[in-house]
Amino acid sequence: MEFPQPSLLLSFSSKHKNKTPKNMTTPRHIVAIPGDGIGPEVMRATQRVLEAAGAPIVWHEHHAGVAALADGDVVLPDSTTAAIREHKIALKSPCTTPVGKGFSSVNVQLRKALDLYAAVRPVRSLPGVKTRFENIDLVIIRENTEGLYSGVENVVTEGTVMSMKVATEKACSRISEWAFDYARKRDRKKVTVFHKANIMKLTDGLFIRESAKAAKGYADVAYEEVIIDAGCMKMVQDPTQFDMLLLENLYGDVVSDLCAGLVGGLGVVPGANIGNSDAVFEAVHGSAPDIAGKDIANPLALIMSAVMMLNYLADTEGLEIMREAAEKIKTAYNSALEAGEKTRDLGGELGTTAFTDALCNRITSA
Ligand code: ATP
């Protein structure tokens, strides 16, 4: 069911909900999926911050995961997918897929249904967040549609089960082209593929063959292939030797969390899942049920994902007002962190609400 929430257009009276007053920028309609666990808390925080920054957005709230099951629906309702197809953009909190009950993952289903084949995860050092290394500035590009996530698993005989890793020329080629195109547009210097083609000669072999092929069209971007186990060791020894990483699905999942650990944890790594027509922005972290409902989750990863969304809208639709809002939010969280206004996962003392208040105050008083 569609619930338009013009919460970011507070100057609208309810009877003018669907009209844009004169002198006001036309709002962008965006799907919000509050998700499960800490999802609704970090979504609320993010929407407040976007509102404070003046991003003209009308939210359409849709459910997925356990929240959808609670509504008597399936984990990924058709209405949720249809709304994203209609509006082309969604901001999504983490969703829980009940384990061992025959449900296939919400995230995997959504990425496949909308063919969101490129996951983009910037991993950056933040001011005021002390970690072992400084000046980390990595971008992870993860293939989002196949590999061991293809969902082909079966029982061979009693006591023997099998999971199939799928690689297609089409998917390996398009993610590689996408990564190099991104590198060129963002003035990145090097793409490193982590792989295990020495063991998975066919699947990972195809992946590196296609990435090497794509690299040939981008002489301005360096290309290297590193076996993933050695790559992980190099990463924790000195992450600044990498610029962009290109990985197949499962490696991308694992290495994203590893890299999150280098810059302060899962609370500070945003993400986007991008296809040729739709894009879903979401944090790398999951629904963290252990801290749900306690007002202690760090909303920054979803806030940063929303910043990526605003810049994407500016780039793809020319909505400069979104870029301005993004800049305000970035300035606010950088200065807040620097001043020690942090949640507990980053060594601070603020809860989700207090941290969000601090960001909103900084934005509105700037
Ligand atoms: P899921 O199965 O949905 O992936 P999970 O608990 O296995 O959930 P995450 O949600 O990614 O995995 O969380 C791993 C741990 O990291 C959590 O237990 C939590 O303590 C911490 N964590 C994750 N996200 C945040 C956050 N936004 N703020 C603070 N801590 C977080």
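First listed ligand is number 1; within each ligand, the first listed atom is number 1. Note that the numbering runs from 1 along the sequence shown for the chain.
Other residues, nucleotides and ligands contribute over 12 non-hydrogen atoms within 6.0 Å of the NZ atom of K196. Other residues, nucleotides and ligands contribute only 12 or fewer heavy atoms inside 6.0 Å of the CD atom of E349.
Judged purely by atom type and a 3.5 angstrom limit, D73 has no side-chain atom pairing as donor or acceptor with the backbone of A68. Looking at H195, its side chain does come within 3.5 Å of a backbone N or O of A197 through a donor-acceptor pair.
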Hey, mind stepping through F194 and F207 against ring pair (Phe, Tyr, Trp, His ring centres under 6.0 Å) and telling me if it holds? CA-CA 10 Å; F194 279 8; F207 196 87; over 10 Å; no

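Taking only non-hydrogen atoms, the option from A283, A288, G286 nearest to atom 11 (O) of ligand 1 is G286. Of the candidates L266, V284, V268, it is L266 that places a heavy atom closest to atom 16 (O) of ligand 1. Ranked by closest heavy atom to atom 30 (N) of ligand 1, the top entry among I291, N298, V106 is I291.
Distance remark: protein heavy atom not present below 4.0 angstrom from atom 2 (O) of ligand 1.
Here is the list of ligand 1 atoms found below 4.0 Å of a heavy atom in S287: 1 (P), 3 (O), 8 (O), 10 (O). Ligand-side atoms of ligand 1 in range of A297: 28 (N), range being under 4.0 angstrom from any heavy atom.
Ring planes of F180 and Y223: tilted class, angle from 30 to 60°.
Taking only nitrogen or oxygen atoms, main chain and side chain alike, D345 does not reach within less than 3.5 Å of ligand 1.
Under a 4.0 angstrom heavy-atom cut-off, P289 registers as being in contact with ligand 1.
Between L247 and V193, every side-chain heavy-atom pair lies at or beyond the 4.5 Å cut-off.
For atom 20 (O) of ligand 1, the closest non-hydrogen atom on the protein side is D290 OD2, 3.1 Å. For atom 25 (C) of ligand 1, the nearest non-hydrogen atom of the protein is I38 CD1, 4.1 Å.
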